[in-house]
Structure formats: structure tokens, C-alpha cells
Amino acid sequence: MTGVAWHAPLHMFTPVDAKPDLISLEHQMLARWRANNTFGRLKAQTAGGEPWSFLDGPITANNPMGVHHAWGRTYKDLFQRFRAALGHELRWQQGFDCQGLWVEVNVEKELGYTSKRQIEERGLAEFIRLCKQRVLTYAARQTEQSIRLGMWMDWNDPAELLQLRDALAVAPEEEIAIHGVAGDVRGTPERLIGQLGSPEIGGSYFTFSDENNDLIWGFLAECNRRGWLYKGSDSMPWCTRCGTGISQHEMTEGYADREDPSVYFGLPLVDRPGEELLVWTTTPWTIPANVAAAVNPALSYELVEFDGRRLWIGATRRVAALGGGAPRAKVLDVKTGSELIGWRYQATFDDAPAVAEALGPRGAAHRVISWSDVGAEEGTSIVHIAPACGSEDHALGVTESLPMIAPIDEAGTYLPGFHELSGQDWLEVSDLVFAALEKSGSMLRKERITHRYPHCWRCATPLAFRLVDEWFISMGATYDKPREELTAEEKSSSLRYQIMDVVDKITWLPSFGRDRELDWLRNMSDWMISKKRYWGLALPIYECASCGAVDVIGSRSELEARAVAGAEAILGRSPHRPYIDEVRIACSSCQSAVRRVPDVGNPWLDAGIVSLSTMRFRSDPEYWKRWFPADLITESFPGQFRNWFYSLLAMSTVMVGSEPTRAVFGYGLVFAEDGRQMHKSWGNSIEFDEAADRMGADVMRWLFAGSRPEENVHFGWSGADEARRRLLVLWNVYAFHVGYANSVGWRPGGPARPVAQRGAMDRWILSRTADLVAKVEEALRAYDAHAAVARLELAIDELSTWYLRRSRDRFEISANADDRSDAFTTLHDVLVTLVQVASPIAPMLTDAIYINLASDSDSSSVHLQPWPSDRVRSWRDRKLESDMNRVVRAAELGRSVRSAAALRTRQPLARARVVFGGETPNRELLAVLADELNVKLIEPVSDASGLFERKVKVLLPKVGKRLGSRLQAVITAARMGEVTFLPTGAVVIEGMEFSPDEIEVQATPREGGFVAEADGLVVELETALTPELIAEGDVRELSRAVQELRKRSGMRLGETILLALPKSARGLAPYSQAIARSVGARDINFDHDDSDESGKVTLSFGDIGFSIHRLS
RNA sequence: GGGGGGGUAGCUCAAUGGUUAGAGCACCGAGCUUAUAUCUCGGCGGUUCCUGGUUCGAGUCCAGGCCCCCCUACCA
């Protein structure tokens, strides 16, 4: 049995198995919490307490949650539980991230769509509904998983979320009711879904909620008011599968090596017949869009004759560009780049209609331009420029007023007007381009190269560059001087620096987080907030087609007020596409009816607004004041410096000019145990559900909480085994306590002496427990779960391997009753306190222990107990701790001596001499040590010179500089003992004098002695044995063997036996009583017949066999 | 490409320029124990990435090279 029946008779603890089934234990605890509304009681109990505000970073509700989410959720839950135990009131609200491309991509996959066009063809309304439904599906799933993890949040009922999901499809117009904070809330599914997380409905917040979207509109309107919102035309990275631009924030995640064709080709010069510019590119699909060729005015260029062609080429690039044929080249002329500028040339695709239209007949506009960034290390030092197909190209195009040729549409298909390329996919046209280059005689040679190339971080499609209009929030200028030297005007016009100032107000953990965030802010370009997609925030931007004026709507009510058409389309609906697109407003400058730009918002807007939207920034000033800013946010830091942390900071800075949180606690990534990323195909990944089922949530939480947040965690089964092993030690102490208490009928609340009158072991473990409480509190206040776990593991270890091991006899039925009740009371107090302070980390296991040990009602829980710091403060006794520390270390030394001397511990010895190196511990502690070392007497010794030689260690950092090259000789002499001691405490070595502060005198055990030394503590064992000692050793040896046999035979503690020993053991007869007591024998006889042998043991006088018989 | 961090035992990581480079895990041996899946003592295990340099002395400082990770980038 796993021992968790919650209605044990009052006179005893519920018996527990030493080998618990942790998984079923957890399920029992979760059921108990549910049945007793334990979490609800905690909320009621902490209501009105000093607020502690946690702001949850939303989890993307798009898939089941993974073990990596469990790391963060462990932190979130344990810090919240800890704060509740301190008496704080909390909001207990977690959030789901709902809008964005990641949801769209999955819905597209489910529908089997292969292109963006299909979404509009098959109907946008249905697509958006499916996105909402998918979010609700996984919100429900992640809710269930989080509850399984033991995470206490104000959860929605998962079944209700699914009910909403289904109603949305089946009966969207029909009103239904769901549970709210104060009774049922009624509405259509669409309306209710839009209000999830609201003050009325409660539960998790959803970033697709009406309020969340509405507040982002307010933010964008504010940006516009300050002149920071603008439409930019640029050549942007573009995913042709998703049909949308990729912002700078998203770029870094998608770089990967890719093999591409690269090509060297010539551009014939118009005014220098027979001569060509040689250029190189790795993106052949951009060649038809070529407009210019750039050279570095400062570099040197050569005209070479090569295989019948005359080619201009960068002087340093000749060999690389011409490849193996380079030696055949003959240099005809040399010019600097500046001399080439303005040369006109022709190109292969000049006669294509689209090109001719942009450049004039025969590529009239082609020319050589100057660009100082052209390098001498790559290509031909003459760069092919296609202003529509690269961001730097575009910038040059603008400066040089070049025409632009945009060759592909949003799906990556070549537009009409490019001959045979038209209608082809951009990734497939290389061969057609090469054929055209061959045909025109332009091609020189081609090769394949591998380079880092950006890919779509969602679908891994290589990114093209397209000329597009996107909306940006200006980050402001970057000044070339330190932030503190900026003027007020400079700062007020630059959002970048305003955010940096806010960053300074936040505590970043680990501390490098601050530097990373500042670094990102310093370097980031303007924030691209538009996406040419469907499921997301509808950008409230209205650009007038007639006059070009831009209106940005700051709220839904403003939109409804300004609508001149289509307002009915959004009645009763969420502010999403396609319905929102129906609304027209009057242009503020020319009164024309204006439609919304079709773009949706960058999803980090959705997550970034939550410090405002969930804290009722606009709707409830009292609430807002109480909860904003948050005390803590915590997320996995890779990526978040430019994503959530960034958007949270930016939006809070714009809207309220202050920090959204007081502390940011970041942690790393979860990797598989082999140190690689988890991949299903590599067989090293672990699903959350599997981990919960096999290792258990508490073990998982313990493992995560004990990890170092600034490193990546290597998560797996052996790490879990380690964590479980540690927790099981705690469990076993608990099982011991329960077992013995039940067997002697001990119950808490009985008589026990005051702590001050109890024995040293009791006072020591209580003092250590007081220290434990203080240290764990200190660590958790500093968000240092790692330190808290380390201290807890030390506590478990000390309790088990020192306190309990040394005190075990005191719990037995035969022990002195007063002392036994002290021992039980002490162990009980320590265990209860220990599980209290461990409960934020392992909430289920600890509650199971607590309930059995200390429960006074059927509904109590460790999680309803106040943090125990006040209760334990008086237990502290530092002097005792330090004395005991030396006793423990002396015991280690003694064991080490025994091991070296091959004296087994069961053999008692007459005496140990100990140099404690300080005040001698009191008699009681000496008795503990004597017992532990199995010696009759501990003799404290102050002068151990008989056992030791004095050795002098020269302190190198102090004397090294002075001695120089004579140092080695001094060290050697000191090691050989060639040292003269002076009365002053100084010494002379090699004729040089060293003052006492330049040396350290060490005591080193003499060779051959049974002595061990460490840090000034010395233990020597007297190894001479008397017949009495030998006999006592035999008694203990025999007892141990009998106990072993009893255990093997499955005998219980109380059962008595008859022990039969052989005649050869008659010498032990005087000790019969002692033996009988220790092994629970009623009688011992010495007529054992070897044929009936069931046990065997080696004693001083030889091997004997023995047998036991059950009597009761 | 730029910036930062790192490379030490089979694995995870320590070591203000100082004497014989340490822990934990893993492995091996011994010991303790009717609470234990535990615990204790000991052992095994090292080209401190490579090559030079500075120094009485280098894992540590300097230079160059190799490799890994992170941040960042428009690279032809």
C-alpha cells in the first residue's frame, strides 16, 4: 500500500510504505485539493494581505505543453506558493498567447492548405474561427497539464473552454452561460470568448480578448500621436509560403546553412566595346532585377584578358574569381574604382518587358555606382545591385535614385514581363537564369557555395527579399555618446533611450540580462509591427486612398463612433478579420471613406500589452494602483530580450513611462540529457505527459528548481532518478517516524520537555532547522530556487544520516520513555517544518507527509500553513552547531582511520584521542562521538606533538616576490624538514628568516600511526584489543547477523524469537542478555545443530552457524 | 562579418599567478545499517585544446592558431 488513506484512526498515523508510489500519491493529493477547495481556501486566507504581483508571460496555446514549459511553470508556481505562505495576496492569473502566425500555420496544416491564397479562397471567417478553436483546444489541454504539474492558478474549467470552442461552431448566435467570478455569465460564444480573463469571468487571460486588442489600439494611437508610427517602403525578408514579411526580431532564429548556386557573369560596357564588368552573386534569381553595379571608389580594379574576353575585376579578386584559369589571364589596364563610376552597361534581361519598362530600352539606366562597403575579400569587388531584392541594395537605390524592378509576387512567383521566368517559383529559376546568361554570352562560370541564409522561423522556407510597404514604430535615433550625456529633447524624441532608462529600474536576474536588453535596444532598428496575414490583432490604421492621410483608432468605441459604414459587421463580434475589415471611417483630413489597412499586428504586441490589460489599466484605477508594476516576471531568456521583455518594456514605457515589473528572472533552455536539443527523431525527447506519468511532477519540479537558471538544463531520466533519490530519503525518515510512532503509540501534542532541556542531538537538529527556514526564505526572496533546493537537500541529508542514524535507539520501545518522547517531538517538529519550507517546490509529496503527521482536520494542508520563521527562531543555537560540526568532522576522521587500519567499525576500541583545535565540545557531544566511533572513551588532547611532526609551509604569495629564484630551494628544504624554529615563532630555512605571518606550521601525522588530520582537527585511535573488547565485537557482529536474518525472513519488529547458537559460541554466554535484547530473542540456547543452519557469521574464534525460530 | 563567453577526470563543473589542479555523478573495493532505492571511508581516473612568450613559478597573464556556445548582422 502506498499509505495515503486520509481517515486514519486518531490514535495512530496512517501507516506508510518505505517505497511509495509517488505517481499515485500525486493523483491522490490533486484529488484532495480539488475536493477540499484547498486553493480557494488559500486565496481566501491571503485576501487583503500585502500584494505580491506576479505577471505571467503568456504560453502559446497552440500545442500540448512540453517539459521545457514545466521548468518555467515550476518557478512561477513555487514563488507564488512561497509568497502566499508569507501572507501576501496574489492575483493568480496566468495567460495564453493566442494570436499569430504559429496558430495559423497549424490550422493551415490541418486543412491541408499549401498556400496563403487558399485561406481567402475558402473563406477567411471560417479560418479565423478555426484559429480561435485551436487556441481553446490547447488552452484546455495546457490547463489540464499545468494542474497535473501542481501549478496553482486561477484556472478555467477545461471542459468549459471546450464547450465554448464547440459552441462557436455549432451555435454561434445562441446565448450560453459559463461560470464567472460572481455567478454565471451569459452571452454568445463569441462574446464570452472575447471576455475570457475579464474581471467578471476571471480565469486565465487570453491575448485574443477584446480588452487586450483594444488596449493595443490605444498603444498604437499613442505612438501615432507622438509621431513614431510610420509606413516604410523597404526591401524586406519575406516568407513566400507564409506570404508575409519577417521582422528583425524574428530573423535571428532562422539562420541556417544552405547550399546555393553562385555565378560569375559579365555586364558588357556600352561605351567601352568589348569590355565587361565581372560580377558575382549567390542569388541568381535576382539577376533579372539588376539595376546597377557597385564598386568601391578606393579599391583598385584591373582589366584582364581571359579566354577571349576582356573583364573588369577587383585587383585582389582576380585569382579567386577566375578560378583555375587565372594564370591564363593577362592584365591590360588598372584603374581605381572612382574612375569606373558612371560607366553604363547592358545586361542579359534588358529586353524583358518589365525590365525595359523600368530601365528604358536596352537597359539604358544601368550604370556603375559608388559604394564604400564593397569589400576586397569577396566576389569580384563589383557588386550586382537589385534594389528590390535586398535591404542594402534598396538603400543604395534610394540614395542613387535608381529605378526598381520587383520580380516576384507575395508567393514568390515571377511576375509577368520576365520572359520564360514569368510564372516560375523564385527558388526554381536558377537554371533558366543560367541558360539565359549562357545564351547571351554573359556567363563566365558557376559553382555551388554553402552560406548562412535566413529562413522563416515558423516554416523553414528560405526567405526572399521583396519590396513591400510595412508599418513601423520608430525607435528613434542612436546617438554616438553615452546615455547619461543625452539632452532631455534627445531622449524625449527617442523611444530607444526611454526604454533604456526603464531597464535601469529593473532588477535583472541573472545580472547579464540587463546588458543583453540594453544591447538589443542600442542596436535594434525600427519595430516592424505589420504582418500581411489573417489571425491577429487588426491594425487600427486607416490610410486614406485619396489624400494619403493616416488615422489610427485608439479604441473600439472610437471606431464605432467614427464608423461611416460597415459598423454593423462587427456588432457582437470580436475585433478580428474579416468582419473588422468591413468598417469604414471618414478620413480626418478629406472626409473620404477609408478602409483599414489589411495587415494584422506583430504578435509581440499582443503579449507586450498584458502588463496593462491584465491589471485593468483603463477600467479600474484602484486595482491598477494595487497591482502595477508586477513584482516579478520570469521566462526562459533566449529570445525574450527582443521579444516579450522588449515589447513589455516598450509598451509600458510608451503608455505609463515606467517599468512593468520590478524584477526579471530569466532561465535557460531545456536540452535532452545527452546535451543536444530534444528531437522526436533523435529519440531523446520526453513529452510532458510521459514525464508526469513516469517520474512524477514533484520529482520534475525538484529537478528543475535545483537547476542553475543561467545554464541550460539537461533534462532526463537519470537526473530525475537523482532528484527522486533525495526526496525518498526524506520519505524514509518520515516512514521511520510513522512506523515507530505507531509501534510505541506516540502522538503529537503529548508531554515533551522544553527544547532547552532536551539532549544535544535534539537541540542541534532543531537549530539546524531554524537555519534551514531562514536560508530557504532568504533564497526564495531572492528568486534563487537553486540555493533553496541545495539547502533543503543538505537538511534532508543531515536529518537522515546524522540525527536519525545517531538517535535511532531512542525511538525504540525499550528506550527511556521521557527521552523517547523528546526524540519523537523533535523529529516531528523537524519533519513538519522541513516539509513546510519544501512545499513550494514539491507541493504534493510534502502535503502528503504533512497531512499524516500534523493534520488536525480532514481538509488541512501544508499549503495553508504560515511560513514558519517565527515559530522556529528560538531553536537557534550557533555554538552547538559549530561544536557539532567539529564532532561530525572528527567522526569522519575516525572512520577514515579505521578504514586505513582495517578495523571494522563493529569492533569496539578502548580509546580515541582527539585534538579539537579549540574549545572541547561538552560531555554529551563526546558521548555521541564515542558511540559513532565505537570507542569506550574520547580523550580530548591539546598537545598532540607525540603524534605529529611540525612541518613548515612557506606562504608563497607573501614571500615569492622577495625570494625570486631561491624559492624552489626554500620549498624543498621546508618539505624535508630542514627548518630551525626560533623562540619568536619565526623560522630559518636555507639561512633565511621568515616571520610568523609568512609561514604556516602544520601538524602532519607521523608515519605508521593510526591518525588522521584535517584543518587542525586530529583523531588517533588506540588499536590494542583486550579479550573483552574482542568479545564485545563478536556480540555486535552476531547481533548484526541475526538482525540481517530476521529482516530476510520478513519478521516484524515486535516479534520475538528463539536464537540457537552452536556450542563453539559458548564463550559469548556472559553476554546472552545483551544479545537477546538487541535481537528481540526471548531465549538463547547453545545446542545449535549445524545441519539446521539458517544464518552464518564470522567471529573472532571462527565461523559459526545459527538459526532463529519465530515464537509469537 | 562584428561583439561576448568558453575549452580542466568518462559526464557536469570548481580552482584572488603559488607548493601535490579539486568536487558531484559514474565505476571499483571496503565499511555501516531490520527507516532507506540510502549512507560512510577509500581507490581509479588529467597532455588543464594546440604552439610560442612573460615569470622564481602559468589552468590562470600575453600573442597566434584550432574548436564550441551565446548575442548580433544587409552582406554581393
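Note: hydrogens, waters and symmetry copies are ignored here, and every other heavy atom, side chains too, is used. Sequence lines set the chain letters: A, B, ... in the order given, protein chains first and strands last, and positions in each chain run from 1. Quick caveat, the model's predicted, so the values are computed rather than measured.
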So which nucleotide does [N] pair with, by the Watson-Crick or G-U wobble rule with both distances under 3.5 Å?
N      : answer
B:rA23 : B:rU12
B:rU55 : none
B:rA73 : none

Between [N] atom [atom2] and [X] atom [atom1], what is the distance in whole Å?
X         : N      : atom1 : atom2 : result
A:Arg895  : B:rA30 : CZ    : P     : 19 Å
A:Leu1038 : B:rU34 : CG    : P     : 12 Å
A:Asp797  : B:rU40 : CG    : C1'   : 11 Å

Query raised in the report: Do any side-chain nitrogens or oxygens of A:Tyr734 fall under 4.0 Å of OP1 or OP2 in B:rA35?
Result: no

**Report entry** Parallel, tilted or perpendicular: ring planes of A:His366 versus A:Tyr345, cut at 30 and 60 degrees
**Finding:**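 Answer is parallel, since the angle falls under 30°.
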
Query raised in the report: Got a donor-acceptor pair under 3.5 Å from the side chain of A:Arg1040 to the base of B:rU34?
Result: no

Query raised in the report: Which part of the nucleic acid, if any, lies within contact of A:Leu1045, taking any heavy atom under 4.0 Å across all strands shown: a base, the sugar-phosphate backbone alone, or nothing?
Result: nothing

Query raised in the report: What does A:Val374 touch in the nucleic acid at a heavy-atom separation under 4.0 angstrom: a base, only the sugar-phosphate, or nothing?
Result: base

Query raised in the report: Quick one: on RNA chain B, does A:Leu728 or A:Gln1043 contact a more 5' nucleotide (nearest heavy atom)?
Result: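 Counting from the 5' end, the first nearest nucleotide belongs to A:Gln1043.
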
Requested in this report: Give the B/S/- string for nucleotides 8-26 of chain B, one per nucleotide from 5' to 3', where a protein heavy atom under 4.0 Å of the base yields B, of only the sugar-phosphate yields S, and otherwise -.
Outcome: -----S----BBS----SS

Report task. Identify whether NZ of Lys or CZ of Arg in A:Arg820 sits under 6.0 Å from the centre of the six-membered ring of A:Phe811 and within 45° of that ring's axis. Result -> no

Report task. Using the test side-chain contact (heavy atoms from CB on, under 4.5 Å), find all partners of A:Arg1077 that sit at least two apart in sequence or belong to another chain. Result -> none

Query raised in the report: Sequence neighbours excluded, which residues qualify as side-chain contact (heavy atoms from CB on, under 4.5 Å) partners of A:Ile813?
Result: A:Val744

Query - Side-chain (A:Glu673) to main-chain (A:Ser718) donor-acceptor, under 3.5 angstrom - result: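 Looks like yes, one N/O pair under 3.5 Å.
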
